[in-house]
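Presented below is the structure to which this report refers.
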Amino acid sequence: MKALVKSRAERGLWLEDVPTPQPGINDVLIRVLITGICGTDLHIYDWDEWARATIPVPLIVGHEFVGKVVSVGANVSDFHSGEIVSGEGHVVCGRCRNCLAGRRHLCAHTLGVGVNRAGAFAEYIVLPMSNVWRHSQHVDLETAAIFDPLGNAVHTALSFPVLGEDVLITGAGPIGIMAAAVSRHAGARYVVITDVKPNRLALARQMGVTLAVNPNEKKLAAIQKQLGMHEGFDVGLEMSGSATAFREMLANMSHGAKIAMLGIPAGEMAIDWRQVIFNMLTIKGIYGREMYETWYKMTVMLESGLDIKPVITDRFAWHEYQKAFEVMASGDAGKVLLDWREAGAAGATPAARS
Ligand code: NAD
Ligand code: ZN
């Protein structure tokens with residue numbers, strides 16, 4: 001089968017012919033249809049310090065996908081060929097204290113699809129049945145392809161009650177923008193999002209935020225005044241990984257406010273802890289999605305009117321992956337998709353022929 005492989009310990013990804021994976025007795029074999037490119041994939045492409053320390057070479061990369069079940073192992077009775085599914089990208093151990101207690105998202109030994117084990121940028125992927133999510137018929141294929149990052153947005157945005165609250169989101173990347181849509185859907189009063197990139201702010205406006213703000217142009221204190229707010233934001237969703245953004249957030253929260261942190265800073269980050277203490281803030285770290293409460297919430301919110309389709313800005317065929325990664329790297333796009341439906345259809349790949 002065709003697959004995008006990190007086959008060398010250097011910058012780049014390579015389209016290769018690799019053996020089609022065989023499902024074990026507890027596994028599901030899935031034909032991949034559409035995949036999403038994540039910031040993580042970009043780190044792997046660039047072969048930065050994190051990637052060099054983390055990724056075993058060779059490895060099929062990618063973890064955001066939707067596909068169709070092809071076959072199942074002998075122990076699998078819950079999935080059937082033809083069903084439309086996605087995969088939870090964290091494969092948990094099932095044996096640690098948290099797993100045994102049913103808190104699988106808190107597993108101490110989680111393995112990442114496309115990070116520690118074979119990924120989804122390929123014609124086929126094999127996953128344990130416990131990592132497969134069957135989609136509702138009401139969810140379209142492209143939205144299904146980005147359930148993984150939508151799950152990050154939903155997990156973060158629903159970490160604290162937002163009904164009637166004023167929500168500040170720092171970072172209008174794809175996840176921040178989806179979190180804004182989720183916060184609105186969940187009943188927030190104001191949803192203010194910040195970013196330093198005009199294209200991203202424009203995309204956020206298209207998704208229906210109260211205000212999309214460049215903090216270099218307008219201070220959040222002035223935004224609070226403009227909206228008639230008196231005591232600061234009630235809920236903060238940090239989705240930029242920027243220390244500057246986080247400090248601005250801390251300075252604009254109400255007493256007793258809650259902050260959920262998804263953005264991954266490049267290193268250690270200093271803050272004025274007195275703001276946290278005297279303002280009695282709660283800060284919660286977020287990693288991945290809750291299995292499978294987040295997946296359930298995504299589905300029912302989409303069924304009840306949540307629309308995140310505008311966040312998908314670019315679509316490429318599987319063999320146009322270089323172009324797709326360039327668009328991703330520009331940092332101006334929303335979600336970038338790769339379509340694998342034609343892969344393997346006519347023998348040699350267009351990329352290999354040229
Ligand atoms: P992204 O990089 O596309 O978006 C981050 C945005 O933050 C960019 O648009 C950038 O311009 C903006 N930004 C930079 N400095 C800023 C500042 N001072 N103020 C406001 N905005 C600023 O990333 P994404 O894919 O949307 O993901 C969001 C974050 O979540 C990233 O840090 C990513 O690494 C992280 N992430 C975490 C998890 C997890 O499980 N914890 C999962 C996926 C992604
Ligand atoms: Zn575990």
Side-chain angles (χ1 to χ4, degrees), residues 36-44 48 50 63-64 88-112 114-115 128 130 146-157 159 168-180 192-204 207 212-220 223 236-252 260-267 269 284-291 294 308 311 313 327-336:
I37 303 179
C38 170
T40 303
D41 304 320
L42 210 52
H43 289 290
I44 299 172
D48 65 9
W50 168 82
H63 56 273
E64 301 177 359
E88 161 56 49
H90 292 176
V91 178
V92 299
C93 76
R95 299 303 309 161
C96 70
R97 176 186 172 181
N98 279 319
C99 279
L100 287 173
R103 299 181 294 259
R104 287 180 286 177
H105 62 292
L106 299 178
C107 174
H109 310 288
T110 179
L111 290 179
V115 174
S130 51
I146 56 168
F147 252 47
D148 178 293
L150 173 59
N152 295 135
V154 167
H155 186 185
T156 316
S159 275
L168 172 63
I169 302 173
T170 43
I175 301 182
I177 290 176
M178 288 191 282
V192 173
I193 194 164
T194 66
D195 208 293
V196 290
K197 293 196 158 181
N199 287 1
R200 292 247 156 124
L201 291 171
L203 194 55
M207 287 285 279
V213 182
N214 184 335
N216 297 333
E217 288 165 8
K218 194 157 187 185
K219 292 281 151 224
L220 283 170
I223 295 295
L237 311 177
E238 205 311 290
M239 303 203 146
S240 71
S242 152
T244 312
F246 184 43
R247 290 189 198 110
E248 276 163 3
M249 174 177 275
L250 286 172
N252 284 277
M261 293 193 66
L262 181 91
I264 303 172
M269 168 164 91
K284 178 185 176 189
I286 307 285
Y287 185 50
R289 299 143 295 279
E290 285 189 20
M291 294 161 226
T294 305
I308 48 123
V311 83
T313 53
V327 169
M328 256 312 271
S330 76
D332 281 330
K335 285 306 303 179
V336 180

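If you read the sequence from its start, that first residue is 1, and numbering goes on from there. Counting starts at 1 for both ligands and their atoms, following the listed order.
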Fill in: Shortest protein contact, atom 33 (C) of ligand 1 (heavy atom only)
Ile264 N, 4.4 Å
Item to complete: Take atom 23 (O) of ligand 1 and look for protein heavy atoms under 4.0 Å from it; say yes if you find one, no if not.
Response: no
Worksheet item: For atom 16 (C) of ligand 1, which candidate among Ser242, Gly151, Gly173 provides the closest heavy atom?
Response: Ser242
Discussion item. What protein heavy atom lies closest to atom 44 (C) of ligand 1? Include the residue and the distance to one decimal.
Written reply: Ile175 CD1, 3.6 Å
Practice prompt. Any chance you could measure Cys96, atom SG, to His109, atom NE2, to the nearest 0.5 Å?
Written response: 5.5 Å
Discussion item. Could you check whether Arg104 pairs with Glu88 (Lys NZ or Arg NE/NH1/NH2 to Asp/Glu carboxylate O, under 4.0 Å)?
Written reply: no
Worksheet item: So how far is it from Arg247 CZ to Asn252 CG, rounded to the nearest 0.5 Å?
Response: 14.5 Å
Worksheet item: Short list, please: which atoms of ligand 1 are under 4.0 Å from a heavy atom of Lys197?
Response: 11 (O)
Worksheet entry | Candidate list His155, His90, His105, test ring pair (Phe, Tyr, Trp, His ring centres under 6.0 Å), partner Tyr287, passing option | His90
Discussion item. Please compare Gly288, Ala245, Pro265 and report which has the shortest non-hydrogen distance to atom 17 (C) of ligand 1.
Written reply: Ala245
Fill in: Mode of Asn152 contact toward ligand 1 - side chain, backbone, both, neither (heavy atoms, under 4.0 Å)
side chain
Practice prompt. Evaluate side-chain contact (heavy atoms from CB on, under 4.5 Å) for Met239 paired with Ile177, printing each intermediate quantity in order.
Written response: CA-CA 9 Å; Met239 303 203 146; Ile177 290 176; over 6 Å; no
Practice prompt. Report yes if the side chains of His63 and Asp41 come closer than 4.5 Å at any heavy-atom pair, otherwise no.
Written response: yes
Worksheet entry | Residue and atom name of the nearest protein heavy atom (relative to atom 36 (N) of ligand 1), distance in Å to one decimal | Leu262 O, 3.8 Å
Practice prompt. Could you check atom 20 (C) of ligand 1 against the protein and tell me its nearest heavy-atom contact, residue, atom and distance included?
Written response: Thr194 OG1, 3.5 Å
Worksheet entry | Nearest option to atom 3 (O) of ligand 1, as decided by whichever heavy atom of Met261, Met249, Arg200 sits closest | Arg200
Discussion item. Show the atoms of ligand 1 that are less than 4.0 angstrom away from any heavy atom in Gly263.
Written reply: 29 (C), 30 (O), 32 (O), 35 (C)
Worksheet item: In the protein, what heavy atom is nearest to atom 41 (N) of ligand 1, and what distance, to one decimal place, separates them?
Response: Ile286 O, 2.8 Å
Worksheet item: Among protein heavy atoms, which sits nearest to atom 28 (C) of ligand 1, and what does the distance come to when rounded to 0.1 Å?
Response: Met239 O, 3.2 Å
Discussion item. I need the minimum non-hydrogen distance between Glu248 and Pro215, along with the two atoms involved.
Written reply: OE1-CB, 3.4 Å
Worksheet entry | Top protein contact for atom 13 (N) of ligand 1, by heavy-atom distance | Ser240 CB, 3.8 Å
Item to complete: Return yes if some donor-acceptor pair links the side-chain N/O of Arg289 with the main-chain N/O of Asp148 below 3.5 Å, else return no.
Response: yes
Worksheet item: Do you know the tightest heavy-atom contact between Pro128 and Val91?
Response: CG-CG1, 4.1 Å
Worksheet item: Can Pro174 be said to touch ligand 1, with heavy atoms closer than 4.0 Å?
Response: yes
Worksheet item: Does some side-chain heavy atom of Thr194 sit less than 4.5 Å from a side-chain heavy atom of Leu168?
Response: yes
Discussion item. If you round to 10 degrees, what value do you get for the angle at the Zn ion (ligand 2) between Cys96 atom SG and Cys107 atom SG?
Written reply: 120°
Fill in: Heavy atom of the protein closest to atom 11 (O) of ligand 1 (residue, atom name, distance)
Asp195 OD1, 2.6 Å
